[in-house]
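Owing to the predicted nature of the structure, the values given are computational and were not obtained by experimental measurement. The basis for the numbers below is simple: all heavy atoms, side chains too, and nothing from hydrogens, waters or symmetry mates.
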Amino acid sequence: MSGARTLDTYRLLGRSGLRVSPLSLGTMTFGADWGWGADKDEARKIFDTYLDRGGNFIDTASQYTNGSSEQLLGEFTANNRESLVLATKYTMLRRQGDPNSGGNHRKSMFASVEASLRKLNTDYIDLLYLHAWDFMTPVDEILRGMDDLVRSGKVLYVGISDAPAWQVSRMQAIADLRGWSPLIALQIEYSLIERTVERDLIPMARELGLGVIPWSPLGGGVLTGKYTREDLNHQAADSPEGTRKDVVAAQGALTEKSLDIADVVKEVATEIGKSPAQVALAWTLRNPGVTSPIIGARTAAQLEDNLGALDVEFDAAQLDRLQQASAIELGFPHDMLALPMTRNVIAGDLKVQGRA
């Protein structure tokens with residue numbers, strides 16, 4: 001069981017006292033700029049539906065739908081800003097041809113935050129993520145910049161998205177040693193068709209106090225059953241513009257394996273009288289390391305369906321089928337360390353209970 005039945009069954013986010021809903025509202029779909037999002041009226045319906053059900057955790061980014069996402073949220077949150085946990089991200093290029101308008105460095109960070117504050121029509125951001133690792137900026141530059149933003153009051157908490165586990169753990173150790181603002185959230189792709197994060201990223205987050213916020217918990221929509229094997233050869237896009245199928249293909253979510261997993265999800269959904277989307281979301285919620293998967297609905301009806309994941313229960317056989325269909329090899333050293341021989345030479349016949 002997920003431990004949450006309603007959006008107002010709040011959870012603490014990482015090593016903080018911040019309370020957030022067990023499902024967060026993703027707003028990459030707010031705005032039609034990329035050709036597949038919701039127009040203003042539909043976005044407003046989605047937003048209002050989420051809040052009416054008790055939701056408080058909103059996710060956006062500086063360049064979602066070319067900035068329209070933040071702009072719309074600035075309008076929608078005009079009368080309820082204080083009651084919401086508003087998260088945005090910096091890193092993506094904001095001006096073509098300007099190398100410093102994107103990246104993880106301090107100049108990009110501060111300029112992006114100022115632009116986000118204007119678009120969001122607010123004087124502070126609850127949670128600022130580094131959006132994606134650029135493999136160039138020194139970690140102390142990133143951490144010191146984030147800490148300066150927190151000390152200034154423009155940002156309350158900081159997190160990180162789409163970065164190697166060893167860099168995140170290194171950053172958290174440096175922040176602790178220097179008394180800088182710690183990372184409290186880790187945003188990563190996680191679903192039944194993307195479980196490789198179970199090797200290091202999710203265990204690292206639990207150990208170091210980062211709440212895991214999965215994006216694409218429906219595998220770009222593949223787990224809803226909307227795609228078939230006729231879509232396997234669909235041309236991948238090199239930008240988020242076009243169709244949703246273009247983006248899903250570009251992310252590598254359309255494969256024989258993912259469609260096989262989607263078939264099992266559909267079978268389980270039929271057995272328990274739920275939709276495939278509800279089953280897929282409910283599965284991510286079962287992981288004790290997960291705080292709040294992101295729902296990226298394009299219509300209010302899709303959002304209503306997704307929220308039904310909070311009521312899903314599985315029996316042991318159904319969970320085992322989902323597990324087997326989506327299983328991954330953890331690889332070295334995890335598989336080696338789990339071998340009976342290895343456990344025997346480490347602990348012998350001692351009965352030692354580990355941490356949950």
Side-chain angles (χ1 to χ4, degrees), residues 11-20 59 61 85 87-92 102-110 112-113 125-190 194-215 287-292 330-338 342 346 352-356:
R11 298 173 166 186
L12 293 177
L13 182 56
R15 56 192 295 185
S16 78
L18 190 64
R19 288 85 160 172
V20 298
D59 182 85
V85 177
T88 192
K89 312 175 193 73
Y90 90 97
T91 293
M92 299 309 178
N104 299 158
H105 55 90
R106 188 182 182 97
K107 181 176 175 64
S108 169
M109 181 192 303
F110 277 64
S112 185
V113 165
I125 293 164
D126 292 292
L127 174 62
L128 175 70
Y129 291 99
L130 179 153
H131 199 160
W133 198 246
D134 72 3
F135 294 94
M136 290 182 282
T137 308
V139 295
D140 53 347
E141 178 178 343
I142 296 166
L143 289 167
R144 182 55 191 270
M146 287 180 161
D147 188 64
D148 285 345
L149 285 170
V150 172
R151 291 175 188 272
S152 73
K154 294 182 178 182
V155 170
L156 303 188
Y157 298 95
V158 292
I160 192 164
S161 171
D162 304 342
W166 69 272
Q167 288 285 20
V168 179
S169 60
R170 176 183 174 215
M171 292 171 74
Q172 193 74 317
I174 292 172
D176 285 345
L177 287 170
R178 297 187 180 176
W180 291 343
S181 299
L183 303 167
I184 68 163
L186 175 71
Q187 193 169 131
I188 51 176
E189 183 178 3
Y190 184 47
E194 176 44 82
R195 295 182 57 186
T196 61
V197 292
E198 293 176 4
R199 292 172 178 151
D200 291 297
L201 282 160
I202 291 180
M204 173 210 68
R206 295 192 71 188
E207 186 74 17
L208 298 180
L210 288 83
V212 174
I213 312 298
W215 59 265
N287 190 313
V290 167
T291 300
S292 183
L330 293 181
F332 183 86
H334 311 291
D335 289 337
M336 183 273 288
L337 293 174
T342 308
I346 292 174
V352 182
Q353 184 173 351
R355 284 175 290 178

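A heavy-atom distance below 4.5 Å is found between the side chains of Val290 and Tyr190. Contact of the Arg206 side chain with the Pro288 side chain is registered, since non-hydrogen atoms from C-beta on lie closer than 4.5 Å. A heavy-atom distance below 4.5 Å is found between the side chains of Trp133 and Ile142.
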query: Could you go step by step and tell me if Arg144 and Arg106 meet the side-chain contact (heavy atoms from CB on, under 4.5 Å) rule?
result: CA-CA 9 Å; Arg144 182 55 191 270; Arg106 188 182 182 97; 4.2 Å; yes

- prompt: Given the rule in the side-chain contact (heavy atoms from CB on, under 4.5 Å) test, do Asp59 and Tyr129 qualify, once you have shown the distances and angles that lead to the verdict?
  reply: CA-CA 10 Å; Asp59 182 85; Tyr129 291 99; 3.8 Å; yes

task: Apply the test side-chain contact (heavy atoms from CB on, under 4.5 Å) to residues Leu186 and Met204: give CA-CA distance (whole Å), side-chain angles for both, the deciding distance (0.1 Å), then the verdict.
output: CA-CA 10 Å; Leu186 175 71; Met204 173 210 68; 3.9 Å; yes

- request: List the steps and the verdict of side-chain contact (heavy atoms from CB on, under 4.5 Å) for Val158 and Met171.
  value: CA-CA 12 Å; Val158 292; Met171 292 171 74; over 6 Å; no

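Between Ile160 atom CD1 and Ile188 atom CD1 the span is 11.5 Å, to the nearest 0.5 Å. Distance check: Ile202 CD1 to Leu210 CG gives 12.0 Å after rounding to the nearest 0.5 Å. In this structure, CG on Leu201 lies 11.0 Å from CD on Glu198, to the nearest 0.5 angstrom. Here the straight-line distance linking atom CZ of Phe110 with atom CG of Asp148 works out to 5.0 Å at 0.5 Å rounding. Atom OG1 in Thr291 sits 11.5 Å away from atom CD in Gln187 (nearest 0.5 Å). In this structure, CG in Leu337 is found 6.5 Å from OG1 in Thr342, a value given to the nearest 0.5 Å.
When atom types are taken as modelled, the side chain of Gln172 and the backbone of Leu208 share a donor-acceptor pair closer than 3.5 angstrom. Counting only distance, with no hydrogens or angles, the side chain of Asp126 and the backbone of Ala87 share no donor-acceptor pair below 3.5 Å. Counting only distance, with no hydrogens or angles, the side chain of Ser16 and the backbone of Leu13 share a donor-acceptor pair below 3.5 Å. With Asp134 contributing its side chain and Asn104 its backbone, the two residues share a donor-acceptor pair below 3.5 Å.
In this structure, Asp176 pairs ionically with Arg15, as a charged nitrogen and a carboxylate oxygen lie closer than 4.0 Å.
Closest approach of Gly159 to Met146, counting heavy atoms only: O-CE, 3.6 Å. Nearest heavy-atom pair, Glu189 versus Trp215, reported as atom, atom and distance to 0.1 Å: N-NE1, 3.2 Å. Between Ala185 and Leu127 the shortest heavy-atom distance is CB-CD2, 4.1 Å. The nearest pair of heavy atoms linking Pro182 to Ala175 is CA-CB, 4.2 Å. Of all heavy-atom pairs spanning Asp140 and Trp180, the tightest one is O-CZ3, 3.9 Å. Of all the heavy atoms in Thr88 and Ala61, the pair that sits closest is OG1-CA, 3.3 Å.
Remark: His131 engages Tyr64 in a ring pair (Phe, Tyr, Trp, His ring centres under 6.0 Å) (not counting sequence neighbours).
Shown here is Arg195, whose CZ atom has more than 12 heavy atoms of other residues, nucleotides or ligands within 6.0 Å.
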